[in-house]
Amino acid sequence: HRQMIASAHVVPGQLDASDLHAWSDLSAKMQKVPSLKAYGYAMQGDVAWVKGDTKAANEAYQTASAIRPLPVIRKKIEAVKVAKPRVH
């Protein structure tokens, strides 16, 4: 059982790298539920960002924004655009 706390922070630093598979799996499940679809894509973007894949993060955030344009998603899109991609 995990407790999830919503956050308005732009950088998804609260994701634990050891749980990225679980976060990715949860985001895929959320994308299948119409009312949670945008949040699932936002979470997918957070996972990609933590992995250093800013291109995939931006794409996921853009998809989330197209479904439900939330202010926090717009901030994440702007932040990921200026973020330096990490080398894997």
Side-chain angles (χ1 to χ4, degrees):
H1 182 268
R2 292 201 182 272
Q3 180 180 1
M4 293 180 63
I5 300 170
S7 174
H9 293 292
V10 174
V11 179
Q14 65 271 14
L15 293 180
D16 183 358
S18 65
D19 289 341
L20 288 182
H21 180 73
W23 286 105
S24 184
D25 186 50
L26 178 60
S27 74
K29 289 177 181 176
M30 291 172 70
Q31 290 170 30
K32 294 177 183 177
V33 179
S35 62
L36 300 176
K37 192 171 189 172
Y39 299 104
Y41 277 105
M43 186 181 295
Q44 178 183 334
D46 290 347
V47 170
W49 195 353
V50 167
K51 289 180 177 179
D53 190 347
T54 54
K55 182 180 180 209
N58 187 43
E59 290 172 2
Y61 292 146
Q62 293 289 347
T63 301
S65 183
I67 296 167
R68 182 172 290 155
L70 300 171
V72 70
I73 299 299
R74 284 193 298 270
K75 287 181 181 182
K76 287 183 179 193
I77 289 169
E78 291 303 315
V80 79
K81 284 180 182 178
V82 298
K84 295 180 182 177
R86 292 186 310 202
V87 178
H88 304 312

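- Of the inter-residue distances, the one linking L26 atom CG with M43 atom CE reads 4.5 Å to the nearest 0.5 angstrom.
- Side-chain atoms of D46 and K76, non-hydrogen and from C-beta on, do get closer than 4.5 Å to each other.
- To the nearest 0.5 angstrom, E78 atom CD is 9.0 Å from N58 atom CG.
- Contact detail for I77 and S65: the closest heavy-atom pair is CD1-CB, 3.9 Å.
- Considering all non-hydrogen atoms of both residues, A64 and A38 come closest at CB-O, 3.3 Å.
- With hydrophobic clusters built from ILVMFWY side chains whose heavy atoms lie under 4.5 angstrom apart, Y61 does not share a cluster with V82.
- Hydrophobic clustering keeps V72 apart from I67 (ILVMFWY residues linked when any side-chain heavy atoms are closer than 4.5 Å, directly or through intermediates).
- Rounded to the nearest 0.5 angstrom, T63 OG1 and K37 NZ are separated by 9.5 Å.
- The shortest non-hydrogen separation linking S27 to G40 is CB-O, 3.3 Å.
- Side-chain contact between I73 and Y41: absent, with no pair of heavy atoms (C-beta onward) separated by less than 4.5 Å.
- Between the CD atom in E59 and the CG atom in D53 there is a gap of 8.0 Å [rounded to 0.5 Å].
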